Amino acid sequence: MVGAVSVRVRIAPSPTGPLHIGTARTALYNYLFAKRVGGTFILRLEDTDEARSTLDFERDILEELHWLGIEWDEGPEIAGQPAKGSYGPYRQMQRIERHRQVAEQFLSEDKAYYCYCTPELLDADRKAQEAAHEPPHYVGRCAHLTPAERAEREAQGLKPTIRFRVGNGVVAFDDIIRGHVEISTTALGGDLIIVRSNGTPLYHFAVCVDDADMAISHIIRGEDHLSNTPKHILLFRAMGADVPQFAHLPLILNPDRTKMSKRKSQTAVSDYRTQGYIPEAFDNFLALLGWSSGTEEEIFSLAQLVDRFSLERVHQGGAIFDRERLEWLNGQWIRKLPDDELIERVLPFLVADLTILESNGVSVRMPAAEDVRALLPMIRERLPILSAVGPLVDFLFVQELRVDPELLVPKRWDAATTLAALTAARRVIANVGEVSFEADELEGPLRQLAEDRGWKPGDLFMAIRVAVTGKTATPPLFDTLVALGYERTLERLDAARALIEAVPPG
RNA sequence: GCCCCCAUCGUCUAGAGGCCUAGGACGCCACCCUUUCAAGGUGGAGAUCAGGGGUUCGAAUCCCCUUGGGGGCACCA
């Protein structure tokens, strides 16, 4: 690859909200790129927005990145764990002195100047420009103040911002994904504020200082920053720093093709986790949103992605977040999980489901890992998401099953037939006995019963199914009966018969 | 308004001038398997490659224009 220059990339989330899908995808691509070429992946926390940053959001971001398997080589101290890496600090709040220092230097080199324009004045400028159909820009009122003029404004008590001179000309760069891009400085909105009147740095400035200090070699980020890139390049140049390579990723879109937003889509990674999506599938899905291997394979583990990823194969067009596809991938990955893994991951979802039933007054037995292990063959193919486990098998853990009498009678049958069938089935099952109570032992006699009586096996089985589960869609019946156990199967059959008898035949 | 980016089935995409009467996957439909639900298998519908001009013997692929979509233009990040 490059050889002399080591690859250093970063993800710089700001803890003003939970980890966003878009940030996760950007993090993943940075991670994959770094790991692919043996580079360094850095986490930097942009926590300068004190009003909106919270520790909870920070924790969410860190936890979800970890959940996705995206581990950083360098990053800040966290919960007692020391910082990693020698380019720190990795929290922007702790870098403010450095930002101020660079701003001072810009001032001394006349690359920046103090601006005393008030927000009200700037607002009026913008309004006037809008009325004149001009693009909004800073008019340069304070660009060349004399010392006397400055002193006068200081005397009025005006607190200045610091503005960076963008100059005239065209800024060009070669984006790894977009190719050659040229933007005129006139499109930048005039000299930009890099330090607020309260002394804190602004985003565009802080990022560039930090990226330069951390020797970031490649900036891989969302396309929404493409238009801002010239500002950053100018800032890098002004610092005398190497300008990194840029790679602008296509946006992840809402179904209406606008930039994915909380308003129109579910954007928090943690929400997907709590709904039972698994990280293997999520990484796979995220990777495929904007990148493809060029082969017809599409199931990739994180390690396989590291192996195949390249920025050159990232697309240019935005991609709609397609939940159906994510769900399909999730099912694929759930089917691939080793038994112990699946048990460990699915158990909490089952417990959560039963806890809800319990809080609604249903008496339940809480399952243990071994309970789930026995159910694995019957649920594995039926879980698009982990949270689907409850509806699938919760009836096994409730003490008193409530059955809807309407469901009890198969479509082609009447109540009398159903009652007769359940009575006969009970007898057949009782005859099989507790010792031989296994799927293979049950199927033959019950099929025989259907044949003897001229019933379709499906109808008989459906009547039994509803009687013992309360549902019309369940895992295979005989496995279900075995999971339920001899005693409870008979009890539920009896309860169902009683229920039919209590309801007027119709 | 100005600047920038983008444009192949509903969706994610393959495609880097002839292999394309455009391939795969999700979703959808049908059939098979089948006790229900899944999973799996087979098949099908679905894109005149946004439109129009070029370049070329030949264009989804290169160029231009148009249209459409998106993003950016803050003392937000």
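Below, read A as the first sequence line, B as the second, and so on, with proteins coming before strands; counting in each chain starts at 1. Worth saying up front: this structure is predicted, and the values here are computed from it rather than measured. Just so you know, these numbers use all the heavy atoms, side chains as well, and skip hydrogens, waters and symmetry mates.
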Novice: Please report the closest heavy-atom contact between A/Pro391 and A/Lys471, naming both atoms and the distance.
Specialist: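 Where A/Pro391 meets A/Lys471 most closely, the heavy atoms are O-NZ, 3.0 Å.
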
Novice: Which listed nucleotide (B/A74, B/C26, B/A77) is nearest to the side chain of A/Arg52?
Specialist: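 Nucleotide nearest to A/Arg52's side chain: B/A77.
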
Novice: Step by step, work out the side chain to side chain donor-acceptor pair (under 3.5 Å) result for A/Asn30 and A/His218.
Specialist: CA-CA 9 Å; A/Asn30 272 280; A/His218 299 254; over 6 Å; no

Novice: Taking OP1 and OP2 of B/A38, is either one under 4.0 Å from a side-chain nitrogen or oxygen of A/Gln332?
Specialist: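 No.
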
Novice: Measuring to OP1 and OP2 of B/C73, would you say a side-chain N or O of A/Lys231 lies under 4.0 angstrom away?
Specialist: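 No, A/Lys231 has no side-chain N/O under 4.0 Å of OP1/OP2 on B/C73.
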
Novice: Go ahead and name the base partner of B/A25; Watson-Crick or wobble counts if both distances stay under 3.5 Å, otherwise write none.
Specialist: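 Pairing partner, where one exists within any strand: B/U11.
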
Novice: Check whether any side-chain N or O of A/Arg325 sits under 4.0 Å from OP1 or OP2 of B/G24, and answer yes or no.
Specialist: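 For B/G24, OP1/OP2 do not have a side-chain N/O of A/Arg325 under 4.0 Å.
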
Novice: Is there a side-chain polar atom (N or O) of A/His225 under 4.0 Å from OP1 or OP2 of B/G71?
Specialist: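 A/His225 to B/G71 OP1/OP2: no side-chain N or O under 4.0 Å.
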
Novice: When the P atoms of B/A22 and B/C49 are considered, how many whole Å apart are they?
Specialist: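 Pairwise P distance, B/A22 against B/C49, rounds to 10 Å.
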
Novice: Give me the distance, rounded to whole Å, that separates B/U48 from B/C9 when you measure between the P atoms they each carry.
Specialist: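 8 Å, rounded to whole Å.
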
Novice: Tell me which nucleotide, if any, is Watson-Crick or G-U wobble paired with B/A59 when both distances must be under 3.5 Å.
Specialist: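 B/A59 is unpaired by these criteria.
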
Novice: Is A/Thr258 side chain donor-acceptor paired with the B/G70 base, going by distance under 3.5 Å alone?
Specialist: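 Answer no: no donor N or O sits under 3.5 Å from an acceptor.
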
Novice: Assess the pair A/Phe205 and A/Phe164: is the distance between their ring centroids shorter than 6.0 Å?
Specialist: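 Ring centroids of A/Phe205 and A/Phe164 are no less than 6.0 Å from each other.
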
Novice: Select one nucleotide: of B/C5, B/C37, B/G71, the one nearest the side-chain heavy atoms of A/Asp224.
Specialist: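 Given the options B/C5, B/C37, B/G71, the side chain of A/Asp224 is closest to B/G71.
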
Novice: With a 3.5 angstrom cut-off on both distances, give the Watson-Crick or G-U wobble partner of B/G40, or none if there isn't one.
Specialist: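 The base-pairing partner of B/G40, which may sit in any strand shown, is B/C32.
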
Novice: Is there a donor N/O on one and an acceptor N/O on the other, under 3.5 Å, for the side chain of A/Arg178 and the base of B/C5?
Specialist: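 By the distance-only test, no, there is no pair.
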
Novice: With both distances under 3.5 angstrom, what nucleotide forms a Watson-Crick or G-U wobble pair with B/A74?
Specialist: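 With both distances under 3.5 Å required, B/A74 matches none.
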
Novice: Check whether any side-chain N or O of A/Arg313 sits under 4.0 Å from OP1 or OP2 of B/G15, and answer yes or no.
Specialist: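 True: A/Arg313 side-chain N/O within range (under 4.0 Å) of B/G15 OP1/OP2.
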
Novice: So which nucleotide from B/C12, B/C75, B/U35 ends up closest to the side chain of A/Arg257?
Specialist: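 Closest nucleotide among those given: B/C12.
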
Novice: For A/Gln316 and B/C5, is the shortest distance between a side-chain N/O and OP1 or OP2 below 4.0 Å?
Specialist: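 No, no such contact exists.
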
Novice: Would you say that A/Met462 contacts A/Thr472 through its side chain, given a criterion of any heavy-atom pair below 4.5 Å between the two side chains?
Specialist: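 A side-chain contact exists here, since the closest heavy-atom pair is under 4.5 Å.
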
